[in-house]
**Q** 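Sharing a structure, written as structure tokens. Questions coming.
Throughout, protein chains are lettered first and strands after them, A, B, ... in sequence-line order, and every chain is numbered starting at 1. Only this structure's heavy atoms are used, side chains among them; waters, hydrogens and symmetry mates stay out.
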Amino acid sequence: MASLTTPTSFLLFFSPSPKPFIKKSSTPILCHSTTSTSPPPEPTSSTSPSLSDQLKPLSLTFLQTPTTPNPKPKPTWVNPSKPKPSVLSLVRHKRRHPHSSPNPNPTPLALLSRKLSLSTTDAQFSAAIALAFPAGAPPPPLDSSLHLLSTLRPWQNSLRFFHWLKTTSPSSDATPTILYNVLMKSLRSARQYDLVESLARRMLDENTPLDNITYSTVITCLKKCQRYDDAIDWFERMYRTGVIPDEVTYSAVLDVYARLGRREEVVGLYERARAGGWNPDHVALSVLARMFGEAGDYDGIQYVIGEMKGSGVKPNVVVYNTLLEAMGRAGKPGLARSLFEEMVSTGLAPNEKTLTALIKIYGKARWGKDALELWERMRANSWPADFILYNTLLSMCADLGLEEEAEKLFEDMKMGGGCRPDSWSYTAMINIYGSLGKAERALELFEEMIANGVEPNVMGCTCLIQCLAKAGRVGDAVRVFETSLARGIKPDDRLCGCLLSVVALCEPEEMESVLACLEKANPRLVGLVKMLGEEGTSFDEVRDEFRGILNEANVDTRRPFCNCLIDICRNRHYPSQRAHELLYLGTLFGLYPGLHEKTSEEWSLNLRSLSVGAANTAFEEWMKSLSSSVDNLELLPRSFSVHTGSGTHRFSQGLPVAFASYLKTLDVPFRRDELRCGSFVAAKEDVISWVQSRAAAVAT
DNA sequence: GTAGGGTTAG
């Protein structure tokens, strides 16, 4: 890549299509397209064709819907020697029923299980088992073995029992599949996922048949540790070895593809199974709904609802919860509300998750009134609440600035039974007081939290530091940071961004103490801050180091980092070109999409996502480019506008006010737009005469 | 807890 020469003006608003210098390789993709918001293309299949690729031609055959009704449909599968290929078996595995009848009293077997569970070493276990099953005595019957395998604790004892069983039974006897399956389930609940997979490999090695239960257990284990590709390998192995998945295994795999974001393949597999005569159940529909919700795909959600109605499945509470969540993600709060009313009217009782999903949706939509009404209705109907629901309500109050309601809820939690405030609850309260500028109350809550033995989390610590610094209490903010670090909080990128903003806004004599905090969290950022302050640092050095830091940072914190660094450069009187260099790089890296727009009617500058310093810097660049346009006699629009937003958002740093006062110092023709809140406008004639008068001033 | 799949938080 050719090195970019240090430009005197960064041509921010001219460069036709800036090529980002971001490494092209893997995960940290910093170069978003600035024009398109469409998701990245689906990953293409690798070396061997995937299962769904192989199934595609068949799927097309099945999915053909004749445009004209065919009076005599020709059966597709006429040759009985060639059975209709099916991707899934419509028959579920029969559940095995133990021979013994249920007994309310602890059986000898249950007592034995307890005794064996006391073992903590191989030797102890061997001794205990030798007592229960003396040499020469018959081995335990299958039912007893199954009971022991699934009830022994901890999982090591299940494994020891399994090994003992294998050594005691004659080697000619194959180990029944069910023993493996039950052991696997036990290991899965102990989160020993790798062990489950190695047991499945052992079954393959010793030719113990794997059935649908084995496969679905292995697949869900791999799913739980995000080894999705391995899960798909096992699924494909089923077909290779002639085991046709049933609906349980099939929906587990649909979920695997869904979590990989391979939506087209999920739909392909789903429709393929539908074409084979399968009627989806609640689980499959939930998987689809979750997937479309995750993607914010409203059409997909409608498809699921259509499938539900079409196949006659009456949604249960889980399906409703998933659909509600999906509606929320797709940004349809009104539809979520009607779906909820539909659910209640069918007589289904909402549970904690239903209500949590709704409160989240109402909060995001800023429907405080609806959220509070729902809360009243919950109490009136005695609908269930848990601490997640309480915390969601508190967070909603924090987002909407509902101080009194939050305090009432928080008191409820302290008084009530099972829902004691935890670090999330305290964080929400600190967030409320912090965003209302009540630094003292926020600090009191932090101290109360620690006094009550609730460990602070990184979010609460960030909120508190932010609010203390805003109140000018930088020393307290530094102390909170030190305390939190000492209590084992691991600073994340958000906290670093928060510290960086304190570096920008604190008094000069406080800067070193804040940088010392940041040094412990992200020394590289401190290095960059120092580099920026030095006269001798070249543009290329800034670019490379800044890019390196951004590539390491969480995507959501990249723009805040850039904003804060620009503020630091301006507030600390760093070399004057620095702020412009950073804004240029930020734009190049795609951190400020849609910064300016041109229509024939109006050219506009959108400063809404910029900090005060970044906004001023961007405005200066923009005015430079407008001057050039005037000088070059370009076709100009009737008006020019700058948008700062109304400043009512909770995180707003008062940009409209700051920008208005900055405008006054500049003597530029922009004036507040009386019609559009947070906008500033100038007419073409005023801009032209301003440019000409400046040129005249320079000439004299 | 006596074989397998889906839903909850900045």
**Q** Can you see if the side chain of A/Lys360 gets near the phosphate of B/dT8 - specifically, an N or O under 4.0 Å from OP1 or OP2?
**A**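 Answer no for this pair, as no side-chain N or O of A/Lys360 is under 4.0 Å from OP1 or OP2.
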
**Q** Given atom CD1 of A/Ile178 and atom P of B/dG4, what is their separation to the nearest angstrom?
**A** 10 Å

**Q** At less than 4.0 Å, is any side-chain N or O atom of A/Lys185 found next to OP1 or OP2 of B/dT2? Yes or no.
**A** yes

**Q** Determine the sole option in A/Thr241, A/Asn181, A/Val253 for which the side chain to side chain contact (heavy atoms under 4.5 Å, CB included) test with A/Tyr215 is passed.
**A**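 For A/Tyr215, the side chain to side chain contact (heavy atoms under 4.5 Å, CB included) check succeeds only for A/Thr241.
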
**Q** Looking only at N and O atoms, is any donor in the side chain of A/Asp246 or the base of B/dG4 less than 3.5 Å from an acceptor on the other one?
**A** yes

**Q** Aromatic contact between A/Phe410 and A/Tyr426, with the criterion being ring centroids under 6.0 Å apart: yes or no?
**A** yes

**Q** Which whole-number value in Å describes the distance from A/Leu152 CG to B/dT2 C1'?
**A** 13 Å

**Q** For the aromatic rings, using the six-membered ring if either is Trp, is the centroid distance between A/Phe133 and A/Trp164 under 6.0 Å?
**A** yes

**Q** Have a look at A/Val253 and say if it touches a base, only the backbone sugar-phosphate, or nothing, with a 4.0 Å heavy-atom cut-off.
**A** nothing

**Q** Just the rounded figure in Å: distance from P of B/dA3 to CG of A/Leu146.
**A**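 The answer, rounded to whole Å, is 8 Å.
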
**Q** Please give the distance between the P atoms of B/dG5 and B/dG1 as a whole number of Å.
**A** 14 Å

**Q** With ring centroids as reference points, do A/Phe162 and A/Tyr180 lie under 6.0 angstrom apart?
**A** yes

**Q** Does A/Arg188 have a side-chain nitrogen or oxygen under 4.0 Å from the phosphate oxygens OP1 or OP2 of B/dG5?
**A** yes

**Q** Give A/Asp386 one of three labels, base, sugar-phosphate or nothing, depending on what nucleic acid heavy atoms sit under 4.0 Å from its own.
**A** base

**Q** Please classify the nucleic acid contact of A/Ser395 as base, sugar-phosphate, or nothing, using heavy-atom distances under 4.0 Å.
**A**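 Touches nothing.
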
**Q** Are A/Lys223 and B/dG6 close enough that a side-chain N or O sits under 4.0 Å from OP1 or OP2?
**A** yes

